[in-house]
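The structure follows.
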Amino acid sequence: MNNTNINELPTVYDAKETEEEIYKFWEDGEFFKADAHSEKPPYSIVIPPPNVTGVLHMGHALDGTLQDILTRYHRMSGYEALWLPGTDHAGIATQAVVEKKLRGEGLTRHDLGREKFLEETWKWANEHKSEILHQFKRLGASFDLSRERFTFDKGCSDAVKEVFVRLYEKGLIYKGAYIVNWCPRCQSAISDIETNYETEQGHLWEISYPLKGEPGAIIVATTRPETIFGDVAIAVNPTDHKYKELVGKTVVIPLSGREIPIIEDEYVDKNFGTGAVKITPAHDPNDYEVGKRHGLEPIWVIDEEGKMKACGAVPPELHNLDRYEAREKIIGMLSYQNFLLRVRDHEHNVGKCQRCNTTIEPLLSEQWFVKMEPLAKEAIAAVKDGRIKFIPQRWEKDYLGWMENIRDWCISRQLWWGHQIPAYYHKETGEMVVAKENPDPNMYVQDSDVLDTWFSSGLWPFSTMGFPNSETDDFKKFYPTSVLVTGFDIIFFWVARMITMGLEFTKKAPFSTVYIHGLIRDEKGQKMSKSKGNTINPVEIIDKYGCDALRFTLTSLCTYGGQDIKISDERFEYGRNFANKIWNASRFVLMNLEGVDNNDFDRNALTIPDKWILDKLNKTAEIVNDNIKNYRIGEVAHVLYDYFWNDLCDWYLETAKIQLNDENQKLNTQRVLRYVLDMSLRMLHPIMPHLTERIWQLIPRNYEAKAIMVCDYPVFNKDLEFPAEAEEMNLTIETIRSLRNVRQSLNISTSLKINAEIRAEGHELDVFKIIEPYIKRLAKVENITYGELNATVPPQSASAVVASSKIIIPLAGLIDIEEEIKRQEKKLNKLVTEKNSLEGRMNNAKFVENAPKELIEQTKARIDEINLQSGAINELINSLSVKA
RNA sequence: GGGCGUUUAGCUCAGUUGGUAGAGCGUCUCCCUUACAAGGAGAGGGUCGAGAGUUCGAGUCUCCCAACGCCCACCA
């Protein structure tokens, strides 16, 4: 790397080559490895483990970039930084994709059997695990692969067993029959938050249930006529006089003949439907509660596959019929026998499986649950008392709202891929033992269900650090972690569970900050998904634009409010162009560092532009540190972009060219350039690691260091403040801009040399004399002369007013007087408008009375300045008009 | 039904203690000036969704309305 010939560096930054080479350099040097025995204060982040179902998407790229920026920044800022990588076994999701693959081969998991199926799934998981980690490397991730973890590895599995047993012993895990969300396709229970509701256009059927042994009937409205065979009662509201006389009577279920009572229950809404509800406790959560209150035994009529159960309660011709086919058929039968009185269109919400979008079947079923309320107490307190802070803070409200209305968590899944529940049943007595190990494999069989995948991810911050052993080096050094970085979509699924579990089992909040960023969407604002075909693969973007370009662009799009981020391919040109700008600016500096010595710059030999850029750099460092600490990471990107491009490239490098040509200034300018480039690269490094490392390696350094990634991050330095020179440079810039403006607006060719007469007094005059060379070169001025401030304006000349001085540009034969007058009038108008507004304020007694002193003084000063400048412009216009 | 977010230049979006608006892209003009045409220089472009209020002063605070988006709850 160090043998590179600077003059042969390509003019276009080659991201691909650089990234590969640099990442390898970091890996070989073991720069990402965290030391648990370090004296430095710890900074740790555990990655939200990506599912092993697939590959990296843009959301991971954003999430990973932000974590890497925080990790790299803190590593450079004196912390022992650990970013712990890993993946999630993603129980239901992974099983689904593997089953899908098997289906392609004409197989089901049952054909393979549990053991063989798990083998297949492990294979799949391992392949994707390495693919995902490889992609994270392409992203420049500075994570410590020696600590890589998997939610289903030995350590995490031990943690799961430990937690399960302890919660069970504490009475916080129980097993029981409740209505759960059952996915007939996944063949498993799923939790409430894995169920999404969709509005569907359905029907409300009114069915007549005849009274037993007497004429008359009660009419019931239902959206699910196929469940009538599971009815155990008809319920009406106790205050509903319409049905007063029917309560206590018996009706006969149509098509079935079974007899059920008419009961009263508060749950019934008099105004909905007919005011009479069929009660089906086995297939509806509300009905289940009603049934329980009235001591009614549930009757199952739909099975786990969503088919009509082949049982006595269901007429034989419907046995094993799909629930929707059965519905059609039942409607026909009811209609034929005149039990169906009315059909109405009815919009209602239907639960869908988040994973496969199959309509959920509420099913009474025996499952395992975590009693959440006792655990939620501390999780609520931790956020309320500030032990855990959400950024942006508004998410705390969502979190607390959910926690405060927490419902028990159904944790058992009827799957194979996952942590098998550590409950064992005696083969003969059926006695159940909950323990980490099977008490006697000959006599006990393990519960066949596995745990919800989020159960293990909920332990992630501490299961990865050695838990249940809290004496490991990593646990002691790196737990609790510093911050959790994730999207808002998994606050309930994951963040909430980590907080409850962390507090319960480690007595500490697993992280003190939850940094929530927006979600990545396509250019139309739609969520990216494979089925929509609107996904953008981050690796393709990296191939096309470069990793640092991707990282910079994504970072720049992060707002403090955590808005969703719309991206399209072309947006990454922003980052690519910036990377190229950095590359070329650096190339320029490096090409001009030949012959530089090993000394730091000489403070006494600094020029105005030198001091100005040092001042800018210093201020930028201050702002950048402040912004990173406050998680305003998008702002960091903007500030650095503005500093690097607009200050460093557009102005300082241009002035440096002049100084480099001056033998007296050359050496010190080189030293300043070296320092400024070095510090600028360091500031950029956390966002754009490869490019900055690559260039830094080429700087002829006067200190020892192995890599930029372990250099100190620049901080504000009181000794590098140069306010006076900063002001003087502003005068320089303004003067040059005015001259350029004159040239352009009067259509004076750049090849044409012009002269300028500067009319200034006092300090401004002194400054002009110093900055003359810069003005000459950057504004392409041939000669500069000096004159009296109040002398008359020569004919045929353009002019500009800068600060308190005037610049006169004689343009005999070149100038269109009318144009110049117009130009000046435009400027004057602007000033006059501003002045009117300011004077309006100053004439307002209340403003003068109430506004802060500094603002009033500022306003006065500005009015003075405007008066001066507009006076000068008036004078110019007058002299031009006379001559015209 | 409850809650949250968004509405600012043609487009995409910034704008943290209230002090008369910024960026990138796009547009117009000029320029291959020995770091960079993925570039340089100059310019144009906004009554900050509507309305009301507080204030000397509101894109920024309060209220109300509208449109779009999201979350939670849930109606047999």
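The figures that follow rest on heavy atoms only: side chains count, while hydrogens, waters and symmetry mates do not. Throughout, a chain's letter reflects where its sequence line sits, starting with A, and its residues are numbered from 1.
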query: Base, sugar-phosphate, or nothing for A/Glu654, non-hydrogen atoms under 4.0 angstrom?
result: base
query: Hey, does A/Arg841 reach any base, or is it just sugar-phosphate, or nothing, if we go heavy atoms under 4.0 Å?
result: base
field: Residue A/Asn349, side-chain heavy atoms: nucleotide from B/rC4, B/rC74, B/rA35 that is nearest
entry: B/rC74
- request: Look up atom CZ in A/Arg632 and atom CD1 in A/Ile391, then write down how far apart they are to the nearest 0.5 Å.
  value: 10.0 Å
- prompt: Across the strands shown, which category fits A/Lys581 at heavy-atom distances under 4.0 angstrom: base, sugar-phosphate, nothing?
  reply: base
message: Check whether A/Tyr515 forms a cation-pi arrangement with A/Lys389 (NZ or CZ under 6.0 Å from the six-membered ring centre, at most 45° off the ring normal).
response: no
query: According to the interplanar angle, ranging from 0 to 90°, do the rings of A/His346 and A/Phe272 count as parallel (below 30°), tilted (30 to 60°) or perpendicular (above 60°)?
result: perpendicular
Nearest-angstrom distance, P atom, B/rU34 to B/rA41: 15 Å
- prompt: For A/Tyr197, which contact category applies under a 4.0 Å heavy-atom criterion: base, sugar-phosphate, or nothing?
  reply: base
query: How would you label the contact of A/Glu849 with the nucleic acid (heavy atoms, under 4.0 Å): base, sugar-phosphate, or nothing?
result: nothing
- request: Between A/Arg632 and A/Pro285, just flag the one whose closest nucleotide in RNA chain B comes earlier from the 5' side.
  value: A/Arg632
task: Without swapping roles, check the side chain of A/Asn196 against the backbone of A/Gln354 for a donor-acceptor pair under 3.5 Å.
output: no
query: Would you call the rings of A/Tyr641 and A/Phe552 parallel, tilted or perpendicular, where under 30° means parallel and over 60° means perpendicular?
result: parallel
- request: With heavy atoms under 4.0 Å as the rule, sort A/Arg407 into base, sugar-phosphate or nothing.
  value: sugar-phosphate
field: Residue pair A/Gly487 / A/Leu519: nearest heavy atoms and the distance that separates them
entry: CA-CD1, 4.2 Å
message: For A/Gln563 and A/Val277, find the nucleotide of RNA chain B closest to each by heavy atoms; which residue's nucleotide sits nearer the 5' end?
response: A/Gln563
message: Under 4.0 Å, heavy atoms only, any strand: does A/His283 hit a base, just the sugar-phosphate, or nothing?
response: nothing
statement: Picking from B/rC56, B/rG15, B/rC75, the nucleotide nearest the side-chain atoms of A/Asn850 would be B/rC56
- request: Produce a footprint string for nucleotides 23-34 of chain B: one letter per nucleotide, 5' end first; B if the base is under 4.0 Å from any protein heavy atom, S if only the sugar-phosphate is, - if neither.
  value: -S----B---B-
task: Mind checking A/Arg394 for me? I need base, sugar-phosphate or nothing, with any heavy atom below 4.0 Å counting as a touch.
output: sugar-phosphate
message: Give me the atom names and distance for the closest heavy-atom approach of A/Arg551 to A/Ile687.
response: NE-O, 2.9 Å
